[in-house]
Amino acid sequence: MSKKDKHIDPIPDDFSNYEEAAKFWDTHDTTDYPEYFEDVEIKAEFQKRHYEIEVDEAIMKILQKQAQKLGISVTRLVNEILRKQTSKVA
């Protein structure tokens with residue numbers, strides 16, 4: 001069946017809830033409704049890179065307690081510790 005011969009259901013004016021909308025879009029292809037597409041302009045920038053490392057559970061518990069005591073996030077605490085340690089090496 002060609003795209004011309006394909007029956008395309010109209011998009012309902014309203015959906016009573018998210019589940020109803022999800023059911024509709026689970027069984028329909030958005031590319032069949034190009035008249036509803038809008039061009040949008042976006043600007044995206046990478047702010048930072050994040051790295052994931054494994055930390056021993058006992059160390060993590062100590063870091064969490066220390067960060068809570070200082071009123072800062074564990075991420076900030078770890079970054080401060082690493083900055084101090086790496087500045088000694090560099």
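What you are looking at is a predicted structure, and each value in this text was computed from that prediction instead of being measured. Side chains are part of it too, since the values below use all heavy atoms of this structure and drop only hydrogens, waters and symmetry mates.
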Contacts table for residues 73-83: side-chain donor-acceptor under 3.5 angstrom, sequence neighbours left out:
from, atom 1, to, atom 2, distance (Å)
Ser73, OG, Arg76, N, 3.0
Arg76, NE, Glu80, OE2, 3.0
Asn79, ND2, Thr75, O, 2.9

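- Two different hydrophobic clusters hold Leu70 and Ile62 under the rule that ILVMFWY side chains link at heavy-atom gaps under 4.5 Å.
- Using a 4.5 Å cut-off on side-chain heavy atoms (C-beta onward), Gln64 and Met60 make contact.
- A single hydrophobic cluster is seen to contain both Leu63 and Ile53, as judged by linkage of ILVMFWY side chains at heavy-atom distances under 4.5 Å, directly or through other members.
- Heavy-atom neighbours of Phe37 CZ from other residues, nucleotides or ligands within 6.0 Å: above the threshold of 12.
- Checked against side chain to side chain donor-acceptor pair (under 3.5 Å), Asp9 has the following partners two or more places apart in sequence or in another chain: His7, His28.
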Begin with the C-alpha distance, continue with both residues' side-chain angles, and end with the deciding distance and a verdict on side-chain contact (heavy atoms from CB on, under 4.5 Å) for Thr30 and Tyr36. CA-CA 9 Å; Thr30 57; Tyr36 292 96; over 6 Å; no
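- No more than 12 heavy-atom neighbours from other residues, nucleotides or ligands sit within 6.0 angstrom of CD on Glu38.
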Please evaluate residues Lys61 and Glu57 with respect to the criterion salt bridge (Lys or Arg N to Asp or Glu O under 4.0 Å), reporting the C-alpha separation (whole Å), side-chain torsions for both, the decisive distance (0.1 Å), and the verdict. CA-CA 6 Å; Lys61 287 180 180 179; Glu57 184 178 0; 3.5 Å; yes
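- Atom NZ of residue Lys43 and atom CD of residue Glu45 lie 4.5 Å apart, to the nearest 0.5 angstrom.
- Minimum heavy-atom separation, Ile11 to Trp25: CD1-CH2, 3.8 Å.
- Under the side chain to side chain donor-acceptor pair (under 3.5 Å) criterion, Gln68 pairs with no residue at all, not counting sequence neighbours.
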